Amino acid sequence: MPRVKYGSVVRGLVILGLFCLWLQIMLSASTNIYRDAEIKVYDNNENLSIEVVSDNTELKEELMNANETSEQVLRLVPPELHKYLTVHAKNASGNITEKSGVKNITDIRRAILKDNDAQTIYNEDLFGPVQNDTLIIAIQVHTRLTYLRHLIVSLAQARDIDKTLLVFSHDYYDEEINALVKSIDFTKVMQIFYPYSIQTHPHEFPGMDPNDCPRDAKYDVAIQQRCNNAKHPDLHGHYREAKYTQTKHHWWWKANRIFNQLQCTSGHTGMVLFLEEDHYVAEDFIYMLNLLRTTADKTCPYCEILSLGTYLKTYQYHVNGDKRKKQLTLSYIQQVKAANEERRRRQESQTWNFQVYPNLYSSIQKVEITPWHSSMHNMGFAFNRTVWNTIMELRDLFCNYDDYNWDYSLLRLSQNRPGKEKFRVIMCKGPRVFHIGECGIHHKKSNCNASTVISKVQKLLRNAKPYMYPSKVTATISAGGAKSNKKLVKGNGGWGDLRDRELCIHMTKIGRERRATNMSHLVDFL
Ligand SMILES: *[C@@H]1O[C@H](CO)[C@@H](O)[C@H](O)[C@H]1NC(C)=O
Ligand SMILES: *[C@@H]1O[C@H](CO)[C@@H](O)[C@H](O)[C@H]1NC(C)=O
Ligand SMILES: *[C@@H]1O[C@H](CO)[C@@H](O)[C@H](O)[C@H]1NC(C)=O
Ligand SMILES: *[C@@H]1O[C@H](CO)[C@@H](O)[C@H](O)[C@H]1NC(C)=O
Ligand SMILES: *[C@@H]1O[C@H](CO)[C@@H](O)[C@H](O)[C@H]1NC(C)=O
Ligand SMILES: *[C@@H]1O[C@H](CO)[C@@H](O)[C@H](O)[C@H]1NC(C)=O
Ligand SMILES: *[C@@H]1O[C@H](CO)[C@@H](O)[C@H](O)[C@H]1NC(C)=O
Ligand SMILES: *[C@@H]1O[C@H](CO)[C@@H](O)[C@H](O)[C@H]1NC(C)=O
């Protein structure tokens, strides 16, 4: 019967179309928020349906430690610093589990407690104790070891680095990362370990508990099934995803740990500078930070935040954040379209041309005073305890805001300070911090591997060398664009679960600890 045939042809075409869509999704996996997801196509004779199944089961962590440092890059690194870039061959013989130094989770938890307890400061004997005005450089580290190596090389070449304390804050315990950090010999170094990581809690909160509601569970079904926290999806109706919450938790824990808990900071009044593993600093960044401080004291005493630079490319702000936000409200087909559009846009604009930047370095260096904005000023920024105390007063705003981005949460806080203006930032327009990890792990094939980006930054900095260490700067005051002044209303979501909010608040309640005291409260909480 022709009608039936016609029907099955149409169905065939639809299936083919869906298959093409599926292919496209797979191909664009690198830019798609569902890159860990499985797409299922059902054909149950009458109805065709597609389901995107988020793969929340196990977070596969892979240490990013490629031996891809090119000759080009090495040529611009002093030979004595090559040791930080050398990847040692893994011991191939023997089983993975039997390899010496690989710990199971019990061992890792124990090691973390012990190390956090000890609060060991390496090289204190060589460079003197931490003073109240010592610059503390806090570096948030996950698993991108290749980038971390280059950050360390850039720090090693900075003037006055030997007067600072580097605090590496880890949410992933790995012997190779730890060995690299401990090998630093050019200044004082401390390692702190985020104790609530997914690595150490793979099957329980703050990791993914087997009884947690799946991200896309419907509210009614969740309530019926009584999965954990069924009553508290986020503002988009989605349930918690452990891996999205970890970064905000870690950032907050690290700041609390440094300002409120370490023994060596009990009288600290200096600045804390926030960096991440995939940043790269210019050799005069400490000098510039001090210059920003003295400029602020004279012209802008109300500037509470100092910033060493902004992003090279604006289109990649919050690759996960904004996209996630946008796509959550779209239908499935719209999501696919959006992902493809995004991919095309990025391929077009992805030339990694840093050439514009030397214009920003000139004999008269400019700084800008403007309202602090999360996505523009979250890189290489610093503030002191006075400012931290004002953040502490409003901890609930940070912890209860339904947004899994720490910087948007801070912006939310900034915009809602009773009786106070929002944070002002004083920022140098010629950046002293670069985001070398910006093009990410997923662009191996393009001209965007670590070596390429790093050699570009190296060359840029070499060209800018005559303009480093400026004796003075000129400040311009700007009201900031519409984007900076837009009042946040709704968050990006991902922070609806009460357990996340409680853990966040809990972190602020831990008092200062003497070196090697009993840390049993950490065990008690979880
Ligand atoms: C097709 O979808 C309708 C409405 O969602 C549903 O009632 C029906 O049972 C489905 N048919 C099959 C075969 O699943
Ligand atoms: C990495 O590269 C260095 C220098 O090219 C080489 O000596 C070393 O053996 C390499 N390591 C691995 C694991 O391939
Ligand atoms: C490699 O592992 C084997 C067995 O675990 C050990 O005997 C050997 O000493 C290791 N070699 C190196 C270079 O660590
Ligand atoms: C690796 O471990 C498995 C199970 O523990 C064992 O059967 C196997 O012989 C080991 N292989 C080597 C090379 O040690
Ligand atoms: C972890 O490894 C240690 C030895 O390194 C062993 O004593 C312990 O039983 C192991 N724990 C688990 C849970 O496997
Ligand atoms: C640091 O500040 C604390 C508290 O203000 C003070 O007691 C301590 O003496 C100061 N330390 C130094 C080395 O100045
Ligand atoms: C900390 O920063 C604030 C705001 O920028 C500033 O007013 C204050 O003097 C600074 N405190 C110290 C001890 O330097
Ligand atoms: C990185 O990209 C450059 C060219 O852009 C290429 O020469 C080099 O081989 C690439 N390295 C790796 C490890 O892919």
Side-chain angles (χ1 to χ4, degrees), residues 94-115 119 121 124-125 127-138 163-165 173-175 178 188 197 199-204 207 255 258-274 286 288-308 367-372 377 380-394 410 413-414 417 419-428 473 475 477 511-515 523 526:
N95 268 328
I96 293 172
T97 46
E98 286 171 2
K99 246 189 305 179
S100 59
V102 174
K103 293 182 159 78
N104 60 32
I105 288 173
T106 319
D107 289 340
I108 291 178
R109 285 192 187 195
R110 197 172 297 133
I112 287 177
L113 273 179
K114 190 161 148 283
D115 284 357
Q119 301 186 28
I121 299 172
E124 213 174 5
D125 48 339
F127 301 101
V130 177
Q131 306 285 341
N132 286 344
D133 63 351
T134 297
L135 171 63
I136 295 180
I137 302 176
K163 300 187 178 71
T164 65
L165 170 67
Y173 189 95
D174 176 83
E175 301 289 357
N178 296 345
K188 293 183 283 294
S197 71
Q199 183 194 26
T200 54
H201 302 82
H203 305 301
E204 61 187 309
I258 291 174
F259 282 111
N260 298 352
Q261 296 166 25
L262 296 178
Q263 189 188 331
C264 70
T265 59
S266 62
H268 190 254
T269 51
M271 280 181 289
V272 176
L273 172 71
F274 291 86
I286 297 169
M288 281 307 287
L289 204 57
N290 291 326
L291 189 57
L292 286 175
R293 180 73 267 162
T294 51
T295 309
D297 287 345
K298 270 184 265 162
T299 62
C300 172
Y302 51 87
C303 281
E304 290 169 286
I305 296 179
L306 316 176
S307 168
L308 289 168
V367 302
E368 187 181 343
I369 292 164
T370 185
W372 183 81
H377 311 121
F381 73 106
F383 54 79
N384 67 18
R385 175 179 304 284
T386 317
V387 180
W388 173 250
N389 289 341
T390 72
I391 294 175
M392 276 285 95
E393 283 168 20
L394 302 175
L410 204 54
L413 185 153
S414 166
R417 302 201 296 169
K420 282 209 185 87
E421 289 277 306
K422 37 192 176 205
F423 289 130
R424 299 288 150 140
V425 62
I426 180 165
M427 171 187 99
C428 43
V473 290
I477 298 178
R512 200 167 300 279
E513 288 148 6
R514 303 191 65 79
R515 282 188 183 185
V523 183
L526 295 169

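Numbering of ligands and ligand atoms starts at 1, following listing order. If you're wondering where the values come from, they're calculated on a predicted model, not measured in any experiment.
- Listed by number with element, the atoms of ligand 7 under 4.0 Å from a non-hydrogen atom of Glu304 are 5 (O).
- In terms of polar-atom proximity, defined here as any N/O pair under 3.5 Å, Pro301 makes no such contact with ligand 7.
- For the side-chain contact (heavy atoms from CB on, under 4.5 Å) with Thr295, the qualifying choice from Leu292, Asp297, Leu291 is Leu291, the only one to do so.
- Judged purely by atom type and a 3.5 angstrom limit, Thr200 has no side-chain atom pairing as donor or acceptor with the backbone of Arg109.
- Classified by interplanar angle (parallel below 30°, tilted 30° to 60°, perpendicular above 60°), the ring pair His377/Trp372 is tilted.
- For ligand 7, the atoms lying closer than 4.0 Å to a non-hydrogen atom of Arg293 are 2 (O), 5 (O).
- For the pair Gln119 (side chain) and Glu513 (backbone), a donor-acceptor distance under 3.5 Å is present.
- Residue-ligand proximity, Asn384 to ligand 7, at heavy-atom distances under 4.0 Å covers atoms 1 (C), 2 (O), 3 (C), 8 (C), 10 (C), 11 (N), 12 (C), 14 (O).
- Lys420 and Glu304 are not joined by a salt bridge, as no carboxylate oxygen comes within less than 4.0 angstrom of a charged side-chain nitrogen.
- Ligand 7 is never approached by Met271 to a heavy-atom distance shorter than 4.0 Å.
- Salt bridge Glu393/Arg417: absent, no basic N to carboxylate O contact under 4.0 Å.
- Remark: Glu421 CD is loosely packed, at most 12 non-hydrogen atoms of other residues, nucleotides or ligands lying under 6.0 Å away.
- Within the structure, the side-chain hydrogen bond (donor to acceptor under 3.5 Å, both in side chains) test picks out no pair touching residues 127-136 (sequence neighbours left out).
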Pairs of nitrogen or oxygen atoms, one from ligand 5 and one from the protein, closer than 3.5 Å: please tabulate them with distances.
{"residue": "ligand 5", "atom": "2 (O)", "partner": "Asn104", "partner atom": "ND2", "Å": "2.4"}
{"residue": "ligand 5", "atom": "2 (O)", "partner": "Asp107", "partner atom": "OD2", "Å": "3.2"}
{"residue": "ligand 5", "atom": "5 (O)", "partner": "Asp107", "partner atom": "OD2", "Å": "3.0"}
{"residue": "ligand 5", "atom": "11 (N)", "partner": "Asn104", "partner atom": "ND2", "Å": "2.9"}
{"residue": "ligand 5", "atom": "14 (O)", "partner": "Asn104", "partner atom": "ND2", "Å": "3.2"}

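- Atoms of ligand 6 lying under 4.0 Å from at least one heavy atom of Gln131, given by number and element, are 13 (C).
- With a 4.0 Å cut-off on non-hydrogen atoms, Cys303 touches ligand 7 through its backbone and not its side chain.
- Relative ring orientation between Phe274 and Phe259 is described as tilted, the plane-to-plane angle lying within the 30° to 60° band.
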